[in-house]
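Each chain gets a letter, A, B and so on, in the order the sequences are listed, and its residues count up from 1.
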Number of protein chains: 2
Amino acid sequence: MKPMDTPDAGHMYERIAAALRDQITNGTLRPGDRLPTQQELVDTFGCSRQVVRFALDLLENEGLVDRIQGFGTTVRKYDPLVRRSALHYRDMPNAPFAEEALAAQRTPRYTHHTRLDRIGPDVASRLGLEVGTEVMRTDYVSYVDDQPAMLVTSYENLEYTRGTVIEKPEEGYLAGAGLVPRFTAIGRRPTKITERVRVRPPRPAEEEMLRIKPGVPVILISRTTQTRETILETADIIIASNLFELENSFVIEPLVSTLEQQHERPASQDGPLSV
Amino acid sequence: MKPMDTPDAGHMYERIAAALRDQITNGTLRPGDRLPTQQELVDTFGCSRQVVRFALDLLENEGLVDRIQGFGTTVRKYDPLVRRSALHYRDMPNAPFAEEALAAQRTPRYTHHTRLDRIGPDVASRLGLEVGTEVMRTDYVSYVDDQPAMLVTSYENLEYTRGTVIEKPEEGYLAGAGLVPRFTAIGRRPTKITERVRVRPPRPAEEEMLRIKPGVPVILISRTTQTRETILETADIIIASNLFELENSFVIEPLVSTLEQQHERPASQDGPLSV
DNA sequence: TAGTGGTCTAGACCACAAT
DNA sequence: TTGTGGTCTAGACCACTAC
């Protein structure tokens with residue numbers, strides 16, 4: 001019969017998607033609400049069920065709806081936690097992840113597994129070591145309300161940690177403390193931590209580990225922790241983007257005439273100086 | 001005939017997708033290569049064309065392939081630039097975006113449009129001003145090799161910039177300079193810049209503005225620039241995640257509380273020190 | 001013009017959730 | 001059991017690319 005474009009413009013599936021998207025974004029349909037059934041949409045728009053399904057595919061891939069077999073299609077909820085780098089890289093020996101979750105009325109939990117491992121090319125180049133060098137590897141899985149939210153794999157250079165209290169990250173009196181207090185405790189206080197952030201749709205393995213729904217990208221962070229001369233640690237962090245936002249703060253150094261650079265001086269007051 | 005699961009396990013479309021995904025990720029099919037045609041896949045897997053298309057939908061939504069009508073399906077290329085916060089928020093009055101692009105052998109270009117604007121609730125709360133206050137708004141579109149890559153909308157508090165040389169961000173001798181040198185020039189050197197990073201699939205408007213392909217999430221950054229007492233600026237930044245990665249560096253302050261400094265001391269295995 | 005991918009129909013059966 | 005969404009077939013026509 002009528003093949004595709006009926007009265008208006010564009011394709012039928014896009015018209016259906018646009019109609020529903022409007023209702024979702026303008027609040028007519030609210031998070032958790034049920035959309036019309038596929039059959040109702042077939043009747044409303046006078047098209048085949050495949051077309052309706054294609055329209056719902058779009059909305060699902062946009063992260064706007066959840067489709068529950070046998071139940072219906074609902075508007076997806078979004079209520080992320082915030083991962084603050086400043087919390088993770090401060091001196092206090094608390095667990096920043098737990099703090100973030102509890103502050104948002106969620107229940108945090110994590111598992112960890114530490115073992116010796118030999119590194120591949122990628123980690124080797126980040127640590128400045130030879131491929132195959134033995135390092136201390138720790139895998140973490142962090143849960144929010146029993147839902148996996150973040151995967152971390154950390155590699156620590158044994159040259160610096162071997163035989164110290166922090167050789168095993170989750171043992172000893174600094175178990176669970178952040179990188180900064182741990183390495184400070186062995187006289188190797190980090191001077192800089194660098195995060196490289198990449199974003200893409202999840203791989204099937206990540207989809208499974210994080211129980212990710214369609215339309216939810218993952219955030220991948222490669223971190224390196226260093227002192228002036230050495231690289232202490234590197235880590236791969238995988239985050240489900242529907243559960244976390246990131247917050248990064250950058251401290252701007254005051255202008256210190258031309259003589260001195262920023263060294264061990266607690267940030268002084270910023271005078272209105274000319275350039 | 002045979003409805004779905006033939007010999008092996010799972011659904012046919014997932015088997016097809018998995019076979020192709022393997023070839024892409026293990027390098028049998030390389031970026032730019034053409035996949036088999038839909039008809040060839042129909043013949044190979046002995047299923048209907050709809051099922052083959054569903055499999056390709058998956059790969060497209062994973063960002064792995066491009067589908068070009070009349071030509072074929074190809075393996076997508078990924079070669080992002082790096083947005084370094086340290087570059088954007090430093091003192092040098094250069095254009096960091098151009099520098100990043102040129103370093104990667106790409107051609108940068110951007111447009112800008114500055115005007116007075118009255119702010120809505122979101123920007124108002126970020127600037128600590130009343131809704132409807134007049135601010136200086138500037139919209140930027142940044143292109144890499146003539147492809148739009150980043151949208152920035154910046155709102156500057158006129159209370160501080162009115163009548164100064166930086167009142168219009170893209171005029172005067174500091175045109176195009178970063179936030180730090182510009183505000184420093186009027187005696188309001190920023191002390192902290194905070195970025196909140198959110199990730200999700202693109203809205204249709206964003207898809208169009210950034211000419212985004214299926215399976216490419218957007219990165220949304222809300223930035224605020226402040227001195228100790230005041231909020232100077234806030235901005236919304238939208239980035240196509242296939243064109244940019246982010247790099248954030250965090251400087252760890254030396255310990256100044258006690259006389260203890262870490263510094264160049266190669267201190268190996270020493271006993272546990274109190275934090 | 002030939003061949004590619006894009007949209008659509010009409011109908012079938014399966015899997016899961018609610019009752 | 002009923003109704004929801006999930007997978008699949010077989011076939012049609014449209015839109016674009018390359019030759």
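- Following rounding to the nearest Å, B:Leu59 (CG) and C:dG5 (C1') show an atom-to-atom distance of 15 Å.
- Taking atom CD on A:Glu40 and atom P on D:dG3, their separation rounds to 12 Å, with Å as the unit.
- In terms of heavy-atom proximity, B:Val216 sits nearest to B:Arg76 at CG2-NH1, 3.3 Å.
- Judged by distance alone, the side chains of B:Thr153 and B:Asp236 never bring a donor and an acceptor atom under 3.5 Å apart.
- Helix-axis bend for the helix from C:dT1-D:dA18 to C:dA18-D:dT1: the local axis fitted to the five terminal pairs at one end deviates from that at the other end by 10°, rounded to 10°.
- Under the 30°/60° scheme for interplanar angles, the aromatic rings of A:Tyr110 and A:His112 are found to be tilted.
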Stepwise side-chain contact (heavy atoms from CB on, under 4.5 Å) check, B:Val197 with A:Val197: CA-CA 10 Å; B:Val197 181; A:Val197 181; 5.7 Å; no
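- Here D:dG6 is the nucleotide among D:dG6, C:dT9, D:dC8 with the atom lying nearest to any side-chain atom of A:Gln69.
- Contact check of residues 48-57 of chain B against DNA chain C (heavy atom, cut-off under 4.0 Å) returns B:Arg49, B:Gln50, B:Arg53.
- Ion pairing of A:Arg223 with A:Glu195 is absent here, as no side-chain N (NZ or NE/NH1/NH2) approaches a carboxylate O to less than 4.0 Å.
- Spacing between atom CZ of B:Arg15 and atom C1' of D:dC8 amounts to 13 Å, rounded to whole angstrom units.
- Taking atom CE of residue B:Met12 and atom C1' of nucleotide C:dC14, one finds them 16 Å apart after rounding to whole Å.
- The separation between A:Leu58 atom CG and C:dC8 atom P is 11 Å, rounded to whole Å.
- Across the protein-nucleic acid pair, A:Phe71 atom CZ and D:dT2 atom C1' stand 15 Å apart, rounded to whole Å.
- Here the straight-line distance linking atom CG of A:Asn242 with atom CG of A:Leu81 works out to 10.5 Å at 0.5 Å rounding.
- Note: CD (B:Gln38) to P (D:dG11) measures 17 Å, nearest angstrom.
- The residues B:Glu100 and B:Arg106 are annotated as not salt-bridged, no charged nitrogen and carboxylate oxygen being separated by less than 4.0 angstrom.
- Closest to the side chain of A:His11, out of C:dC8, D:dC8, C:dG6, is C:dC8.
- Side-chain N/O atoms of B:Tyr13 include one lying less than 4.0 angstrom from OP1 or OP2 on D:dT7.
- In this structure, B:Arg67 places its CZ atom 16 Å from P of D:dC16, rounding to the nearest Å.
- Residue-environment remark: CD (B:Glu99) exceeds the threshold of 12 foreign heavy atoms within 6.0 Å.
- Nearest heavy atom pair, residue A:Pro214 against residue A:Asn61, reads CB-OD1, 4.4 Å.
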